[in-house]
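Positions are given from 1 along the sequence.
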Amino acid sequence: MLKKKNFSIDFLNNFREFGSQLVHQELFDSEKYQWLMMNSSKMQTMMGSYGVASYKPPFANYMYNNYQLVVNGIREIKDNFQRAAGSYGLSFEKRWVIESISMVDDALLTYVGAISDALDEVKKDSKNPLIWLREGVRFIVTSPISLMYWSGLIKYRTYNVISNNFFVKLLSFLIGIIGFVSSIVTIVTGYTPFKSLIGF
């Protein structure tokens, strides 16, 4: 997750430099554009639902559903800038470029914020032993399902559905409770009395 955060911040910084040069200097940095386009698919995939929106182009009477903001947005910024450069700097063309840059920037910024929050949550959870117990039990319960996914017997969608099934979660909960209670009893009574207590 830390790698994703670092990559996202790097992408956002490069995008802002590219956009700033377009707006303030009217300079198209082709190297920066190539870097952004080469990495746009990776960034788009990482963003998931944060990078998708319904979008109506300016002056259009149609709307795109599930518009990929990063992949399509960067390409559109280039096209709009070239149109603006070829139209002797008409104000609505420049405004279109600025709006496109702002739209992509907002989506990237929102995602960076979300991944930062998730990373903080993971750091906080890593200090909680009950979370360790939960994740350990979950790993043991779902390991046969994971093995089936890794070997190619089931697809990711099936793996995801089974892993998040109510009965799988209930089984994880019951095993976790039994493990937790038995640990407490063993600590309080000691191993030998506990063995005799359960009949071994």
Side-chain angles (χ1 to χ4, degrees), residues 1-12 38-56 63-73 103-200:
M1 195 174 283
L2 186 60
K3 280 185 181 177
K4 284 185 177 182
K5 181 185 175 184
N6 291 338
F7 175 77
S8 303
I9 291 170
D10 195 31
F11 193 94
L12 178 61
M38 282 192 294
N39 290 283
S40 63
S41 181
K42 180 181 176 181
M43 190 72 237
Q44 184 72 55
T45 305
M46 278 170 50
M47 288 175 74
S49 60
Y50 288 100
V52 178
S54 294
Y55 171 64
K56 183 177 181 285
M63 182 172 273
Y64 292 111
N65 292 319
N66 299 320
Y67 182 81
Q68 294 187 327
L69 294 168
V70 176
V71 172
N72 295 324
M103 181 180 65
V104 176
D105 187 81
D106 286 348
L108 289 168
L109 196 58
T110 304
Y111 177 71
V112 169
I115 203 166
S116 296
D117 288 345
L119 199 57
D120 291 343
E121 203 65 36
V122 167
K123 283 179 184 174
K124 194 170 72 176
D125 286 350
S126 68
K127 296 172 185 173
N128 187 341
L130 291 175
I131 300 288
W132 292 7
L133 176 66
R134 184 192 72 192
E135 292 304 316
V137 168
R138 194 178 191 179
F139 173 76
I140 291 165
V141 171
T142 59
S143 57
I145 306 162
S146 300
L147 193 60
M148 288 170 72
Y149 167 64
W150 292 333
S151 62
L153 292 172
I154 58 173
K155 294 189 176 180
Y156 179 76
R157 188 165 182 261
T158 311
Y159 161 76
N160 203 30
V161 168
I162 295 170
S163 298
N164 292 308
N165 186 294
F166 171 76
F167 294 107
V168 173
K169 288 182 176 179
L170 181 65
L171 182 63
S172 298
F173 172 74
L174 292 173
I175 291 171
I177 291 292
I178 292 165
F180 182 70
V181 170
S182 65
S183 299
I184 298 285
V185 170
T186 306
I187 290 166
V188 171
T189 64
Y191 183 67
T192 310
F194 178 65
K195 235 167 63 165
S196 61
L197 187 71
I198 60 171
F200 280 99

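For L171, the side chain to side chain contact (heavy atoms under 4.5 Å, CB included) test picks out V141, I175, with sequence neighbours left out. Among residues two or more places apart in sequence or in another chain, the salt bridge (Lys or Arg N to Asp or Glu O under 4.0 Å) test is passed with D105 by R16. The side chain to side chain contact (heavy atoms under 4.5 Å, CB included) check on M103 picks up Y55, Y67, L69, with sequence neighbours excluded. Residues meeting the side chain to side chain contact (heavy atoms under 4.5 Å, CB included) test with V52, sequence neighbours left out: Q44, N66. Applying the side chain to side chain contact (heavy atoms under 4.5 Å, CB included) test to S49 and every residue at least two apart in sequence or in another chain returns nothing. Listed by chain and number, the residues in a ring pair (Phe, Tyr, Trp, His ring centres under 6.0 Å) with F11 are W35 (sequence neighbours excluded).
To the nearest 0.5 Å, atom CE of residue M148 and atom CD1 of residue I154 are 5.0 Å apart. Note that the CD1 atom of I9 and the CG atom of L109 stand 10.0 Å from one another [nearest 0.5 Å]. One distance of note links OG1 of T45 with CD of Q68; it measures 7.5 Å at 0.5 Å rounding. L170 contributes atom CG, which lies 4.5 Å from atom CG of L174 (distance to the nearest 0.5 angstrom). Residue I145 holds its CD1 atom at 13.0 Å from CG of L153, rounded to the nearest 0.5 Å.
When all heavy atoms of S54 and N65 are compared, the closest pair comes out as OG-OD1, 3.4 Å. The minimum heavy-atom distance linking S8 with V112 is given by the pair CB-CG2, 3.8 Å. For the residue pair M47 and A107, the shortest heavy atom distance occurs at CE-O, 3.4 Å. Summarising the geometry of K4 relative to Y111, their closest heavy-atom pair is CD-OH, 4.2 Å, with the distance given to 0.1 Å.
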